[in-house]
Amino acid sequence: MSLGDNEHDHAKRLRERTSNSRSFHERASSVTPLGVESNVRSFDPYPFYVEETDGSYVTDMDGNDYLDFLLALGPIILGHGHPEVREAVKRQVDTSDLTATPQPVAIEFMEAVTEMTPSIERVRMANSGTEATMHAMRVARSYTGKEKVAKPEGGYAGAHDYALQSVYASEEALGPAEEPNTVPYGTGIPDAVSETMVAIPFNDKEATERILRKHADDIAAVIIEPVMFSCGCLKPRDGYHEFLRDLTEELGIVLIWDEVMTGFRLGPGSAQGRFGITPDMTTFAKAAGGGYQVAGFGGRADIMEEIVPPRKEEASKWNSSAFHGGTYNGHPVAAAAGLKTLEILRDRDVYEHIDRLGDRLFTGLQEVADDVGLPVNVQHIGSMGQVYMTDHEIASYRDTWHANGDRFADWWLEAAADGVLFGNPMQGERFFTTYTHTDEQIDHALEVAEDAFRAVDHEYE
């Protein structure tokens, strides 16, 4: 059922404000599936199209301003169009474009990454989180000589075939919670790929240990988000990461922390700095580029040496290293943006600001939902979090199934019609605070959120 068929029609006010986007969506749909560049950007009744951004706001092609907490799904940590990042980009554009030869600005960016990230001794750049996790998994397989990789069910680790396993599926498909099946997310993924992946239940130490020990001789790596923002905001509990760090060391399994979401977002040392745990490898993207296409992966020097091809005198050993390449890796414009972003994150009060406002926003959302009387569970850490439309405890991926996705989408539409974007309309996503947000903006957002909660109250009972 489309939202337009809903008796309450929570999309009505947004449709009335976005007639130009509605027309443009018809045009866009004639050239690209769903009329968008990525499936996640599509929603009912149609997406609005943004033409301008500035600080805490985005403006659509109808001239509507939105207070932005979506923040490009995470990259916009300093606010849209931060003047120093913009100037760094302009200087680089005027200096040099892509050459496919090494450029100093990319090396300088990677130096900053290694200085700030506890686990990274050597690093390589990529262009997206998907590329970063794909290459990290390949290097780990090369280092260990094993083929399988374990990841938590409900975890998104990129859009390549190996990562699109047990992301979303029915309970029947996923099987028992204590030993989940590995299920491909979407069609077009070979069964042979799925057979190389092993699903584990996040936050269940006993079941995780049993599964990893069972497959230990075949598992090269565990790739895991330190906080599972791929299904909203699922925080580690009861020493899960400490346990997993010890177990993977014992079993000779490479521990990869997928910090595409949390990297440089939860602190200058990323989640590993915040939690005091050092994985073997780390992937990063999003916040590291300040809005530009920056990603990468790195880790212990001995593991990253797997990328180094054999010397000329060992040319017969052609199959003895893991290939990593990419024409756009280390693009100088993106590297310049990333370098300036990391400098600001390292030297300013960014984390103090965004974490304080994150606490104010997410704590306030729980309070106003409670005042309305809606069953809501708000989870957050620092500047990142999500509103679950349920009062059920949220400790595992399967707990998130209790959340009402339709109610969340309707709440989101009501808030968007009043000019506030609490992420996007999908219950499994998340939203953020940024450096340009102010206390007054947070207070306004909470007023809008309360009105939106009231608008969806009692509908799904």
Side-chain angles (χ1 to χ4, degrees), residues 109-126 129 132-133 135-144 146 149-152 155 157-158 200 202-203 205 208-209 212-213 216 219-230 234-288 294-307 322 324 338 342 345-346 351 355 381-382 384:
F109 170 80
M110 288 187 281
E111 287 175 337
V113 169
T114 61
E115 289 168 3
M116 295 173 70
T117 311
S119 69
I120 295 182
E121 297 175 344
R122 300 287 186 276
V123 64
R124 276 286 179 91
M125 290 184 71
T133 60
H135 286 296
M137 290 162 68
R138 180 186 299 156
V139 169
R141 289 194 295 262
S142 175
Y143 178 76
T144 61
K146 304 175 185 179
V149 173
K151 66 181 290 289
I200 57 175
F202 187 71
N203 272 338
K205 290 189 285 188
T208 296
E209 180 170 4
L212 292 184
R213 288 192 183 280
I219 293 180
V222 172
I223 185 167
I224 190 168
E225 294 177 282
V227 181
M228 280 184 56
F229 285 108
S230 52
L234 193 60
K235 294 182 282 190
R237 296 194 174 194
D238 303 323
Y240 184 78
H241 283 313
E242 289 82 356
F243 142 80
L244 192 58
R245 173 66 284 184
D246 290 342
L247 181 62
T248 52
E249 283 185 347
E250 176 193 339
L251 298 178
I253 294 171
V254 174
L255 179 60
I256 306 171
W257 268 24
D258 176 10
E259 295 229 43
V260 166
M261 273 291 174
T262 55
F264 306 105
R265 164 63 72 170
L266 291 185
S270 301
Q272 57 200 262
R274 191 179 188 118
F275 294 155
I277 296 171
T278 304
D280 301 305
M281 298 186 73
T282 298
T283 64
F284 60 90
K286 296 191 184 292
V294 167
F297 66 99
R300 292 188 348 229
D302 61 322
I303 297 176
M304 292 298 289
E305 281 294 304
E306 290 296 312
I307 294 171
H324 171 251
L342 293 189
L345 293 176
R346 183 190 61 206
Y351 297 108
D355 282 10
I381 179 170
M384 312 169 70

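Numbers here simply count residues along the sequence, with the first being 1. Worth saying up front: this structure is predicted, and the values here are computed from it rather than measured.
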- [ ] Indicate yes or no for a side-chain donor-acceptor contact from Gln272 to the backbone of Ser119 under 3.5 Å, with no hydrogens or angles considered.
- [x] yes
Report the residues that fulfil side-chain contact (heavy atoms from CB on, under 4.5 Å) with [X], sequence neighbours left out, ordered by chain and then residue number.
X	answer
Met116	Phe264, Pro268, Leu342, Arg346
Glu242	Ile277
Thr144	Lys146, Ala220, Val254
Ala285	Val260, Ala295

State which residues pass side-chain hydrogen bond (donor to acceptor under 3.5 Å, both in side chains) with [X]; sequence neighbours excluded, sorted by chain then number.
X	answer
Glu209	Arg213
Thr133	His160
His241	none

Where [X] and [Y] come nearest, the two heavy atoms and their spacing:
X	Y	value
Ala132	Phe284	CB-O, 4.2 Å
Val123	Ile120	CB-CG2, 3.7 Å
Leu266	Met384	CD2-SD, 3.8 Å
Ser142	Glu306	OG-OE1, 2.6 Å
Met228	Gly155	CE-N, 3.6 Å
Pro236	Asn203	CA-OD1, 3.4 Å

Task: With Tyr240 via ring pair (Phe, Tyr, Trp, His ring centres under 6.0 Å) - residues at least two apart - done: Phe202, Phe243
- [ ] State which residues pass salt bridge (charged side-chain N to carboxylate O under 4.0 Å, His left out) with Glu111; sequence neighbours excluded, sorted by chain then number.
- [x] none
Task: Results of salt bridge (charged side-chain N to carboxylate O under 4.0 Å, His left out) for Glu121 - residues two or more places apart only - done: none
Could you state the interatomic distance from [atom1] ([X]) to [atom2] ([Y]), rounded to the nearest 0.5 Å?
X	Y	atom1	atom2	value
Ile253	Thr248	CD1	OG1	7.0 Å
Arg122	Asp302	CZ	CG	10.0 Å
Ile224	Thr208	CD1	OG1	7.5 Å
Lys205	Arg237	NZ	CZ	12.5 Å
Leu244	Leu212	CG	CG	6.5 Å

Task: Test log, rule side-chain contact (heavy atoms from CB on, under 4.5 Å), inputs Phe297 and Met304 - done: CA-CA 9 Å; Phe297 66 99; Met304 292 298 289; 3.6 Å; yes
Task: Residue pairs, two or more places apart or on separate chains, that pass salt bridge (Lys or Arg N to Asp or Glu O under 4.0 Å) and touch residues 271-281 - done: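 For residues 271-281, and leaving out neighbouring residues, the salt bridge (Lys or Arg N to Asp or Glu O under 4.0 Å) pairs sorted by first residue read Arg245-Asp280, Arg274-Asp355, Asp280-Arg300.
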Open item on the list: Per the salt bridge (Lys or Arg N to Asp or Glu O under 4.0 Å) rule, what does the pair list look like for residues 252-271, sequence neighbours excluded?
Closed with: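 Not a single pair qualifies under salt bridge (Lys or Arg N to Asp or Glu O under 4.0 Å).
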Open item on the list: A side-chain contact here means heavy atoms from C-beta on lying under 4.5 Å apart; do Arg141 and Val149 qualify?
Closed with: yes
- [ ] Give the C-alpha distance, both sets of side-chain angles, the deciding distance and a yes or no for side-chain contact (heavy atoms from CB on, under 4.5 Å) between His135 and Arg124.
- [x] CA-CA 10 Å; His135 286 296; Arg124 276 286 179 91; over 6 Å; no
